[in-house]
There are 2 protein chains.
Amino acid sequence: MRRTLLTMTPAPAQQPSPHQKPSARRPYHHGDLRRAVLTAALDVIAADGPSALSLRDLARRAGVSHAAPAHHFKDRTGLLTAIAAEGFGLLASTLNEAADLKDAGVRYVRFAREHPAHFQVMFTPELLRADDLELTTARALAGDALRGAVSAVRPESLGIDNRLAGVAAWSLAHGFATLLLSHNLDGPVGDKDPEEVFRTLAAMLFRSEPRENP
Amino acid sequence: MRRTLLTMTPAPAQQPSPHQKPSARRPYHHGDLRRAVLTAALDVIAADGPSALSLRDLARRAGVSHAAPAHHFKDRTGLLTAIAAEGFGLLASTLNEAADLKDAGVRYVRFAREHPAHFQVMFTPELLRADDLELTTARALAGDALRGAVSAVRPESLGIDNRLAGVAAWSLAHGFATLLLSHNLDGPVGDKDPEEVFRTLAAMLFRSEPRENP
DNA sequence: GGGCAATCTTGTCAGTGTCAAGTTGTGGGG
DNA sequence: CCCCACAACTTGACACTGACAAGATTGCCC
């Protein structure tokens, strides 16, 4: 828990704002503190997990006083909830562009690798304010996108209940992504491209009849 | 973060030990503090996640002084590492009794549901001391058990690389278990038995040729 | 230009992890 | 049987944290 405390000097570390008096040391208004805190938080979480996140540390990084972040996010839970909501929004938009179900799975895995902090927070409900409006709507959007990708595959042709096919696809992609992020597949996957490996797994799950019968 | 502080009275709350003087109020030696702290920690984590865990709170629950737990676990990370090691041990022993790969998957899901705190901690590496000996050996045991279940299925008959089959099975089971614990399958699964649902998913992944050709 | 609301600061409080140094009990060798 | 070394626990302290309240600063809109 102990941090170095060597960071006494405020150290602006961010371009203070678009239109500042050129000689102003540290402008009273940061300019875009909300975004600065968010991205700093994402850095910390990606590196050391959500438990390493400290509002005071984020404030120090942004060069503002210790209570400034709370004005934008209310409290720690609020910050994490904002991150999760943003994550679900990003996920929804990439899933909506998927060509088919396998592509959606690949995009799901890619999202987890490109936004590991978002991903981790999104699926840790005890860190979030469950009834937050932005969160619930963003999550619903992502859910719709997922269901859309599933329904496009016509799994009745495989004799499989549509609902279950969605759960299977989601489980496979989510499990692969999670194990990847927690470094549990470093051995098996090695230096191969994870997305390519996942494509093989997805083919195992949804393969059509062996030959004939289009 | 704020806790009630109504728990001022030490309140033994545990049978102090096997062989205590009958009139001793709070015996200096707890008797089995290590186990008491572990199970209290598992309760807290299962209810509110690892971030809600406080060594001082656990000490209060066990009726000992605030620094007592540290003597058994060194620090917070040590406690979580011990939990993870115990979890991998439990998982290994249940996987070793699996009849076949599908049964191993079912057991994996059952383990996650019966030991949600262990499961969550086991796959959150940033909370653990990665080089801990007990942890690494227990994890290796679980890995062996998993590989054993995979190799027993003879997936070459399906034309699939053995290694990949293992990753697929693990991903499916892990994803299903994770989504289950984070309440993301409450809708699709409903009040059905999750293990039964998972059996269906597993059948989708490893199904043999549609008919003839044993 | 004047006020007002958003933004940020300062100060404070209870709670936490961790370390160091002291107490208490217990089991094993003389 | 005793005593003593060591394990189990306590007490006290320090730096840190999230949260809240009250004040300071500033941009902006009428």
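So that the names make sense, note that chain A is the first sequence line, chain B the second, and so on, each numbered from 1. Note: hydrogens, waters and symmetry copies are ignored here, and every other heavy atom, side chains too, is used.
- Rounded to whole Å, atom P of C:dG15 lies 16 Å from atom CG of B:Leu55.
- Under the side-chain contact (heavy atoms from CB on, under 4.5 Å) criterion, A:Asp193 pairs with A:Arg113, A:Glu195, A:Glu196, not counting sequence neighbours.
- One interatomic measurement links the two molecules: CG of B:Leu33 to P of D:dA8, which rounds to 10 Å at whole-angstrom precision.
- The side-chain contact (heavy atoms from CB on, under 4.5 Å) check on A:Ala112 picks up A:Phe119, A:Ala177, A:Leu181, with sequence neighbours excluded.
- The nearest whole Å value for the distance from the CZ atom in B:Phe73 to the P atom in C:dC19 is 16 Å.
- For B:Arg76, the listed nucleotide lying nearest its side chain is C:dG17; candidates were C:dG17, C:dT7, C:dT9.
- Across the protein-nucleic acid pair, A:His72 atom NE2 and D:dA19 atom C1' stand 17 Å apart, rounded to whole Å.
- Residues passing the side-chain contact (heavy atoms from CB on, under 4.5 Å) test with A:Ala130, sequence neighbours excluded: none.
- Residue pairs meeting the side-chain hydrogen bond (donor to acceptor under 3.5 Å, both in side chains) criterion with at least one partner in residues 77-88 of chain A, sequence neighbours excluded, are A:Arg35-A:Glu86, A:Glu86-A:His118.
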Provide a list of protein-nucleic acid N or O atom pairs under 3.5 angstrom, restricted to nucleotides 10-12 of chain C.
from, atom 1, to, atom 2, distance (Å)
C:dG11, O6, A:His66, NE2, 2.7

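- Under the side-chain hydrogen bond (donor to acceptor under 3.5 Å, both in side chains) criterion, the residue pairs touching residues 125-142 of chain A are A:Asp75-A:Arg129, with sequence neighbours excluded.
- For B:Arg34 and D:dC9, the shortest distance from a side-chain N or O to OP1 or OP2 is not below 4.0 Å.
- Contact annotation: B:Ser54 side-chain N/O to C:dG17 OP1/OP2 distance is under 4.0 Å.
- Taking the six-membered ring for Trp and the full ring otherwise, the centers of B:His174 and B:Phe123 sit less than 6.0 Å from each other.
- Comparing atom distances between the B:Arg60 side chain and each of D:dT17, C:dT16, C:dT7 picks out C:dT16 as nearest.
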